[in-house]
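Both backbone and side-chain heavy atoms feed into the values below; hydrogens, waters and symmetry mates do not. Chain letters run A, B, ... following the sequence lines, proteins first, then strands; residues in each count from 1.
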Number of protein chains: 2
Amino acid sequence: MRVTINDIARAANVAKSTVSKVLNDSPTISEATKEKVRAIMLEMNYEPSSFATRLAKQKCYNIGLIIDLSRKSDFLNYSFYDIIGGVESVIGPLDYELTICNIEHIGRDRFVSRFVLGRKVDGIILDNSILTPMLAQELNERSFPYIVIGELPGVRPLRWVDIDNRSGAAILTQHLLAQGYRNPAFIGGEECDPLFGARVAGFRDALPHTSLPPVLPGYSNEANGRRLTCELLSLSQAPDSIVCMSNLVAFGALQELGERGISIPENIGIATFDNRPLAPYTTPPLTCLDMDTFALGAAAGDMLMAQINEPNAIQAEEHRWVEPKLVVRQSTALMKGID
Amino acid sequence: MRVTINDIARAANVAKSTVSKVLNDSPTISEATKEKVRAIMLEMNYEPSSFATRLAKQKCYNIGLIIDLSRKSDFLNYSFYDIIGGVESVIGPLDYELTICNIEHIGRDRFVSRFVLGRKVDGIILDNSILTPMLAQELNERSFPYIVIGELPGVRPLRWVDIDNRSGAAILTQHLLAQGYRNPAFIGGEECDPLFGARVAGFRDALPHTSLPPVLPGYSNEANGRRLTCELLSLSQAPDSIVCMSNLVAFGALQELGERGISIPENIGIATFDNRPLAPYTTPPLTCLDMDTFALGAAAGDMLMAQINEPNAIQAEEHRWVEPKLVVRQSTALMKGID
DNA sequence: TTGAAAGCGGTACCAA
DNA sequence: TTGGTACCGCTTTCAA
């Protein structure tokens, strides 16, 4: 049988409540007693049962990361480890744990009851693809702490973190202009996706308001990168540079342009979102916007801990942006001779 | 205040123990009572407290995935989501949860006491980079269920799952031979890494025992891919094909060969381990061995659940291999004309 | 078939 | 500064 608080109390010849106070480093216990009890704990290899503690304290020291594992996406595949690392880097030192909650089997509706009513976690972090307005309302009504990863306009009060895609898109576009490109186009991304909206907005921010740059949406894969590039080339005024929604779109564009003998960066400059998985390894390597997904996770963890510890702040709306970083590579090096 | 088993008992006019039995679908309770109590549970939105249950049952329904988040590796970045998905796919339906345990802050030594003695988890899954012989011994002594991801010869009794790298390497090499290549070489990987040993062994398995193929180790990055390729080319009998330890090594090789005007697959064939992140997107696309990391996680989860539920089987050694899949692409398509 | 009561391993209040 | 004791919410044994 494992050693419990009672064993320690008996061995130390003190009351169980005294042992408990030693565990919590209560100031009402003398140093002498503390030392004695601690020595015995060490000797007996005692470790308090987390369940008993949590039950008694009515607190879980556990936060849930809600995901839908049935969803496969490049973003998740390439950033999940970093996001978890970021979350853990802030909650771990505070002695909180991270539980992965897959809603795939449970279903979106029953999951609130499972995790929120079941008090398995003190707070949750979830994706904007998982949070429905109804779910948000339910969580809000219960004043249950939660942070959304990914902007979600229209549902409030809401606390979310996101990569600042709009500002990032502007940075990327400004870089193209600074390199001497004059007519950037934007390709890839689905119109219904808020990500697309934010990035196109940033793209437009960086351009003169009078200009009407080509923006061609399409599911972000290699084939569409090629197809949309073809479309761009057939325009009466073909662009001299392209901002791509993803690495795969950019890869498709590179392929298409390569086959047509159009050289990059001389004839057309290419910039793309995300450094992973391909940007450093294409020919030529792609100028891109590197997304700090570790920071994203850390920000989410930080906001969540703040909410858990100051429950009155829970009703306040809070958004936090993580700024992406421009990584300049050869695909936009129009001015490399001048430099 | 939240609704507890007492509230339900009161509302249903039965004893608390009766409610408990309904929760556990005990056969000693009449259907009528069950239905009545269940209806009230539903009505009152009751969800049992998992901590109370776990404390009373002395069981956690929780398994720990031990990782060292301070480690950054491509493999983890690209496969972590899949591994978690695999583990969850088997433990989730059994109502187990997955807790991420980062040993970065805790330290390798204290972590046993934290998770094992602290009874936070019923079993753990960890990496062969985390399991030390001492730790293994400690876990074995306590008969604590654990599964290692990644082969770890020399420590026993031990239960682990791994990708069958040796057989995979042989498959990859046999493919080269079947395509008509005669002198494969192996580059990349560190000699101290068991992964390197397994893959080189498989590489040799596929070749005539009399042959002494070039095997050049080196940390697996792009620069070494280039450097080792140069070395290969300067050999008196230069190889006609290369098995690469990783995508980055292969990428380096492609770069080097490309710059020298050596054409692939005609002059030299290239095959590599891992489909991620680059293999489909290089020029030419790389023939590779695709590692099913979801299956790896699922196998680990499966073995762990078996151990938890049959504690007497815990002393038995068990290894499970996940077979990698050959993905043929252009980089080894020597026979494409013939085909 | 149901109920009463004693745990599970802690916390926390109040009295000593 | 310490001890006694009533919980936290559920399970389980034993009696009714």
Closest nucleotide among [options] to the [X] side chain:
X       : options               : value
B/Thr4  : C/dG3, D/dC10, C/dG10 : D/dC10
A/Leu23 : C/dG10, D/dT2, C/dG3  : C/dG10
A/Pro48 : C/dG10, D/dT2, D/dT11 : C/dG10
B/Tyr46 : D/dT12, C/dT1, D/dC10 : D/dC10
B/Thr18 : C/dG9, D/dG3, C/dG3   : C/dG3
B/Ala56 : D/dG3, C/dC8, C/dG10  : C/dC8
B/Ser49 : D/dG9, C/dT11, D/dT2  : D/dG9
A/Ala52 : D/dT11, C/dT1, C/dG9  : C/dG9

Between the base of [N] and the side chain of [X], is there any donor-acceptor pair under 3.5 Å?
X       : N      : answer
A/Ser17 : D/dG3  : yes
A/Lys57 : C/dG10 : no
A/Lys21 : C/dG10 : no

Checklist entry - Given that B/Val14 and A/Leu55 both sit by DNA chain C, which one's nearest nucleotide is further toward the 5' end? => result B/Val14
Whether [X] contacts [N] is assessed here as follows: a side-chain N or O lying under 4.0 Å from the phosphate OP1 or OP2. Is that the case?
X       : N      : answer
A/Ser20 : C/dT11 : yes
B/Thr33 : C/dT2  : yes
A/Asn6  : C/dG10 : no
A/Gln58 : C/dA12 : no

Checklist entry - If only atom types and distance count, is the side chain of B/Asn128 paired as donor or acceptor with the main-chain N or O of B/Glu151 below 3.5 Å? => result yes
Item to check | Test of ring centre spacing under 6.0 Å for A/Tyr78 and B/Tyr78 | outcome: yes
Checklist entry - Can you find a side-chain donor-acceptor pair between A/Ser26 and A/Asn24 that sits under 3.5 Å? => result no
Next on the checklist: For B/Ser30 and B/Thr33, which I'm curious about, is there any donor-acceptor pair between the side chains at under 3.5 Å?
Outcome noted: yes
Next on the checklist: Can you confirm whether B/Leu65 sits close enough to B/Cys101 that some side-chain heavy atom of one is under 4.5 Å from a side-chain heavy atom of the other?
Outcome noted: no
Item to check | Atom-to-atom span, CD1 of A/Ile5 to P of D/dG3 - whole angstrom | outcome: 12 Å
Item to check | Residue whose closest nucleotide on DNA chain D lies nearer the 5' end, A/Lys16 versus A/Ile29 | outcome: A/Ile29
